[in-house]
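Here is the naming used below: chain letters follow the sequence lines, and residue numbers restart at 1 for every chain. Fair warning: this is a prediction, and the values are worked out from it, not measured in the lab.
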2 protein chains.
Amino acid sequence: MTPKIETFVMHCGEMGSRWGFNRTIGQMVGLLIVSDKPLTANELSDTLNISRGNVSMGIKELQSWRLIKTKHVPGDRKDYYEPAGTIWELATQVFEERRKREMDPTLSLLRSVIIEEPANVQEEYAQDKMMEIHNILESITSWTSELQSMNPDKLKTLMKLGSSVGKVLDMKDKLLSNSK
Amino acid sequence: MTPKIETFVMHCGEMGSRWGFNRTIGQMVGLLIVSDKPLTANELSDTLNISRGNVSMGIKELQSWRLIKTKHVPGDRKDYYEPAGTIWELATQVFEERRKREMDPTLSLLRSVIIEEPANVQEEYAQDKMMEIHNILESITSWTSELQSMNPDKLKTLMKLGSSVGKVLDMKDKLLSNSK
DNA sequence: TTAAACTTTCAATAATTTCTGAAACTTCAA
DNA sequence: TTGAAGTTTCAGAAATTATTGAAAGTTTAA
């Protein structure tokens with residue numbers, strides 16, 4: 001690793017747990033992203049100075065996040081690993097996966113609590129609040145799944161739109177009737 | 001705590017670390033949200049069975065996230081705590097705070113690494129990738145700050161727009177020239 | 001002032017999470 | 001088959017993070 005690459009990879013390690021995984025997994029995905037060729041598990045282990053067993057577990061975890069994929073080189077029995085898509089695809093994958101882990105369980109718990117009749121006035125207040133949380137989480141979920149299903153170029157256009165979004169909304173009704 | 005409230009509060013505890021804090025802090029904010037009146041630190045400590053010291057630290061943390069605020073009752077020396085805003089405001093606050101913690105440090109590191117000249121062909125590849133990451137993080141940052149600055153109603157309208165956003169984009173140029 | 005009522009701090013400990021390394025497992029060429 | 005080359009598993013150790021509780025700090029009323 002050159003100094004610049006090492007700086008980046010170590011940063012990915014430090015941020016790893018904030019992004020939803022742990023230090024070594026952060027380093028692994030950082031290194032794979034900036035490598036111009038696929039790497040073997042042993043190369044990861046040697047380069048990052050972490051045990052072979054830890055690399056094996058990290059790979060499993062990164063595969064469960066769909067962030068890396070295996071590549072085979074003809075005539076070579078080793079498994080090579082590389083990022084599972086473009087940077088853009090990796091980013092949306094991380095958001096999607098985190099949404100699943102951070103919001104879906106809560107959504108399902110809230111649904112089960114909300115359908116019951118409140119037993120007293122405190123519960124009525126509490127269930128109102130839970131309903132509010134439920135509705136926001138549901139909006140966010142359906143909104144992000146809409147965004148995911150758009151192609152990346154369109155999404156980038158939307159993001160670049162920035163403050164004009166406000167204007168777009170002001171005109172929305174007119175716009176939608178025109179485009180029917 | 002009634003059973004339903006307890007279920008919700010304990011769930012907030014379990015999800016706490018996924019949402020960016022720890023178990024007891026998750027429980028604290030969950031309880032404060034569903035309480036129909038402000039609570040004192042001792043009430044939190046007793047209700048949740050956690051030490052008074054832990055509550056004090058949790059309050060500090062929740063204040064640094066701007067999720068709770070202090071309320072004083074005339075003639076009572078105790079500090080009472082309640083959510084710092086509507087559910088919607090709390091949600092955007094969590095997103096904003098997490099963005100600061102999860103993306104800003106990376107953005108600034110990437111900037112410093114990218115401006116240097118690549119020393120060889122590997123670094124050139126790596127710095128290209130870092131630039132891609134940087135650009136995506138920057139788009140997300142400016143996009144979310146646009147969203148934050150919109151009033152909640154407008155934001156809800158935008159979310160409800162859902163897949164129609166695609167149509168909006170198709171018409172954007174026409175729209176923007178009309179609205180000048 | 002004093003002391004009661006309350007809050008904060010922080011060193012020690014408990015709980016949890018991560019990491020290692022050796023053993024078990026798998027695959028394949030000879 | 002065998003064994004070499006590779007991967008995975010998992011119990012125990014190490015590292016990190018969360019929690020307690022006692023002491024120190026703060027504020028206010030008398």
- Query: Distance check: side-chain N/O of A/T40 vs OP1/OP2 of D/dG6, anything under 4.0 Å?
  - Reply: no

Q) Under a 4.5 Å cut-off applied to non-hydrogen side-chain atoms, are B/T7 and A/V113 in contact? A) yes

For A/P38 and A/K71 the tightest heavy-atom approach is CG-CD, 3.9 Å

Here the distance between atom P of C/dT8 and atom OH of B/Y81, to the nearest Å, is 5 Å

Exercise. Are A/M57 and A/L39 joined in one hydrophobic group, where the rule is that I, L, V, M, F, W and Y side chains link up if heavy atoms are under 4.5 Å apart?
Worked result: no

Residues B/E97 and B/S64: side-chain donor-acceptor under 3.5 angstrom:
no

Below 4.5 Å, heavy atoms only, C-beta onward: do B/T47 and B/Q27 meet side chain to side chain?
-> no

Closest of C/dT7, C/dC19, D/dT9 to the B/N42 side chain is C/dT7

B/D76 CG to D/dT28 P, in whole Å, measures 13 Å

In B/S/- notation (B base, S sugar-phosphate only, - none; protein heavy atoms under 4.0 Å), nucleotides 22-30 of chain C written 5' to 3' is -----BS--

To the nearest angstrom, the NE2-P distance between B/H72 and C/dA5 comes to 17 Å

Of the candidates D/dT20, D/dT8, C/dC19, the side chain of A/M57 sits closest to C/dC19

To the nearest angstrom, the CZ-P distance between B/F21 and D/dT19 comes to 13 Å

From the list B/L44, B/I25, B/T24, side-chain contact (heavy atoms from CB on, under 4.5 Å) partner of B/I50 resolves to B/T24

* B/K60 vs C/dT9: side-chain N/O to OP1/OP2 distance below 4.0 Å -> yes

Of the candidates C/dT8, C/dT20, D/dT20, the side chain of B/S56 sits closest to C/dT8

Rounded to whole Å, the CD-C1' distance (A/Q63 to D/dT8) equals 12 Å

note: B/K78, atom NZ; D/dT27, atom C1'; distance rounded to Å ~ 14 Å

task = Give A/N22 one of three labels, base, sugar-phosphate or nothing, depending on what nucleic acid heavy atoms sit under 4.0 Å from its own.
result = sugar-phosphate

B/D79 CG to D/dT26 P, in whole Å, measures 15 Å

Here the distance between atom P of C/dC19 and atom CG of A/L48, to the nearest Å, is 11 Å

| Touch class at under 4.0 angstrom, heavy-atom based, for A/I59 against every strand present | nothing

Residues passing the ring-ring contact (aromatic ring centres under 6.0 Å, His included) test with B/W88, sequence neighbours excluded, are none

